[in-house]
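Values below: every heavy atom of this structure, side chains too, minus hydrogens, waters and symmetry copies. Note that ligands are numbered from 1 as they come in the structure, with each ligand's atoms numbered from 1 the same way.
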Amino acid sequence: MLQFIQCNEQNDQSVRDELLAGLSAAQAFTSPKYLYDALGSKLFEAICELPEYYPTRTEALIFKTHGRAIAQAIGSGSTLIDLGAGNCAKAARLFPGLQPVQYVPVDISVSFLRESLQRLQQQFPSIVMTGIGMDFSSELLLPDSVRDKKRLFFYPGSSIGNFTPEESLAFLQRIRAACDEDGGLLIGVDLVKDKAILDAAYDDALGVTAAFNLNLLRHLNHLVGTDFDVQGWRHRGFFNDKASRIEMHLEAASGQIVRWPQGERRFERGERIHTENSYKYTQRSFTDLLEQAGFRKLSFWTDPQQWFMVCHAHV
Ligand code: AVI
């Protein structure tokens with residue numbers, strides 16, 4: 001059985017208001033979710049193939065090496081709720097080990113899920129599948145049809161790193177509240193490591209991450225009618241060790257005025273728009289966060305270099 005539900009879709013006006021407030025702030029910023037238009041999502045897929053971008057392949061290695069132990073820790077028969085499911089491929093690899101009774105992929109747009117989910121349903125006809133279109137970063141509204149007691153939330157890829165620690169705590173608390181008696185969370189977390197490795201992962205030699213970041217300007221032109229000239233901006237991506245995060249910025253190559261309907265802003269040469277943070281944790285700092293959110297039984301698996309960690313947090 002396959003169904004689709006669209007929840008809290010953000011309307012065009014509130015998207016415009018949010019973006020223009022960020023662009024007009026003294027230190028201009030945009031939410032990382034705007035990096036993902038159709039081209040941005042393809043560029044992110046390309047990033048995952050880069051030799052410098054270790055998180056995707058390292059997480060896959062952990063699942064391959066420790067898949068049996070992970071499945072044993074979780075047990076079978078859960079409702080698998082896949083947050084930010086994309087093409088559903090990561091979760092589908094867990095189906096044979098976890099034997100979920102229901103699969104609930106959640107992504108910002110339900111139309112994005114439709115094709116992958118239809119294909120997956122044919123492959124696994126006995127699993128009930130419900131695709132949900134929802135921006136789960138601010139609220140987690142699960143429909144009544146996702147009522148199963150044993151809910152397993154799945155949040156791979158270290159996407160939690162794109163929230164601030166305060167947002168992460170609130171997000172983990174919402175998941176904990178939605179878990180009921182026997183639920184849990186299976187999450188991928190990127191770990192602190194040598195700055196040179198982190199810097200290269202977010203500023204690769206081919207310039208794919210630069211294109212991913214710069215593409216935001218085209219997306220903004222489309223969403224709010226700004227007249228950004230992509231050629232006038234430079235990608236900056238580096239590890240800020242004090243804040244334990246990668247920062248991505250777009251830096252004005254020369255002084256310029258950016259205009260939009262009913263407004264404009266001058267950017268001086270070297271002035272930046274802060275476009276993304278990607279927080280890196282230690283096992284200790286992430287354990288603290290999970291415990292503060294109310295999770296009790298924690299299990300961790302990592303790779304031989306300890307670059308990435310998969311964690312199962314049970315209530
Ligand atoms: C989606 N997210 C976990 C990626 C990250 O590593 O923070 C996004 C990304 N930004 C630049 N490269 C990859």
Side-chain angles (χ1 to χ4, degrees), residues 29-60 62-63 82-91 105-109 112 135-137 153-165 167-168 171-172 185-217 219 233-241 243-251 272-281 286 289 303 307-311:
F29 67 95
T30 51
S31 160
K33 68 184 173 199
Y34 297 110
L35 292 162
Y36 301 91
D37 64 348
L39 180 57
S41 301
K42 293 221 165 72
L43 288 167
F44 178 61
E45 276 179 29
I47 287 175
C48 295
E49 302 286 323
L50 291 170
E52 294 96 329
Y53 193 74
Y54 60 84
T56 313
R57 62 169 186 278
T58 310
E59 184 182 54
I62 296 170
F63 277 117
D82 186 1
L83 299 173
N87 63 11
C88 308
K90 284 188 185 178
V106 182
D107 215 299
I108 203 147
S109 147
F112 191 67
D135 178 1
F136 57 84
S137 61
F153 289 89
F154 181 46
Y155 199 42
S158 199
S159 298
I160 188 118
N162 298 131
F163 295 139
T164 64
E167 289 166 345
S168 295
F171 173 74
L172 292 172
L185 165 69
L186 183 63
I187 186 166
V189 183
D190 198 12
L191 297 173
V192 174
K193 60 186 65 60
D194 196 76
K195 179 170 163 53
I197 295 163
L198 286 164
D199 285 347
Y202 290 83
D203 194 5
D204 57 281
L206 269 182
V208 182
T209 309
F212 172 67
N213 198 10
L214 286 160
N215 177 60
L216 172 77
L217 298 177
H219 194 202
W233 294 81
R234 302 286 173 263
H235 165 68
R236 298 284 174 245
F238 54 86
F239 186 57
N240 171 343
D241 47 6
S244 198
R245 68 188 192 200
I246 290 283
E247 292 182 13
M248 287 209 321
H249 301 259
L250 289 166
E251 186 176 294
R272 291 173 174 179
I273 305 171
H274 192 160
T275 56
E276 187 185 57
N277 289 320
S278 190
Y279 281 83
K280 308 301 169 191
Y281 289 91
F286 201 70
L289 206 58
D303 55 287
W307 280 5
F308 200 91
M309 164 175 98
V310 169
C311 171

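- With values rounded to the nearest 0.5 angstrom, K280 atom NZ is found 12.5 Å from N240 atom CG.
- Aromatic ring orientation, Y155 versus F171: tilted (interplanar angle from 30° to 60°).
- Applying the 4.0 Å criterion to heavy atoms of G157 picks out, from ligand 1, the atoms 3 (C).
- Compare T275, I160, N162 by their heavy atoms: the one nearest to atom 3 (C) of ligand 1 is in N162.
- Counting the atoms of ligand 1 from 1 in the order shown, those under 4.0 Å from a heavy atom of S278 are 5 (C), 6 (O), 7 (O).
- Each of the atoms 1 (C), 8 (C) of ligand 1 lies under 4.0 Å from some heavy atom of Y36.
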List the steps, then state whether side chain to side chain contact (heavy atoms under 4.5 Å, CB included) holds for F163 with Y279. CA-CA 8 Å; F163 295 139; Y279 281 83; over 6 Å; no
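- Listed by number with element, the atoms of ligand 1 under 4.0 Å from a non-hydrogen atom of Y53 are 4 (C), 5 (C), 6 (O), 12 (N), 13 (C).
- The backbone N or O of Y281 sits nowhere less than 3.5 Å from a side-chain atom of D190 that would complete a donor-acceptor pair.
- Taking the six-membered ring where the residue is Trp, Y202 and Y53 present perpendicular rings, their angle passing 60° and hence far from 30°.
- Within the listing of ligand 1, atoms 3 (C) sit less than 4.0 angstrom from a heavy atom of S159.
- Side-chain contact check for E49 versus V208: every heavy-atom pair is 4.5 Å or farther apart.
- Under 4.0 angstrom from ligand 1, there are no non-hydrogen atoms of Y279.
- At the top of the distance list for atom 10 (N) of ligand 1, counting protein heavy atoms only, stands E276 OE1, 2.7 Å.
- Using a 4.0 Å cut-off to heavy atoms of F212, the atoms of ligand 1 that qualify are 10 (N), 11 (C).
- If you number the atoms of ligand 1 from 1 as listed, the ones under 4.0 Å from a heavy atom of S158 come out as 3 (C).
- Contact between P55 and ligand 1 is absent, with no heavy atom of the residue lying under 4.0 Å from the ligand.
- Between H219 and Y34, the ring planes lie tilted relative to each other; the angle falls in the 30° to 60° range.
- Under 4.0 Å from ligand 1, not a single heavy atom of N213 appears.
- Using cut-offs of 30° and 60° on the angle between ring planes, the pair F238 and H249 is parallel.
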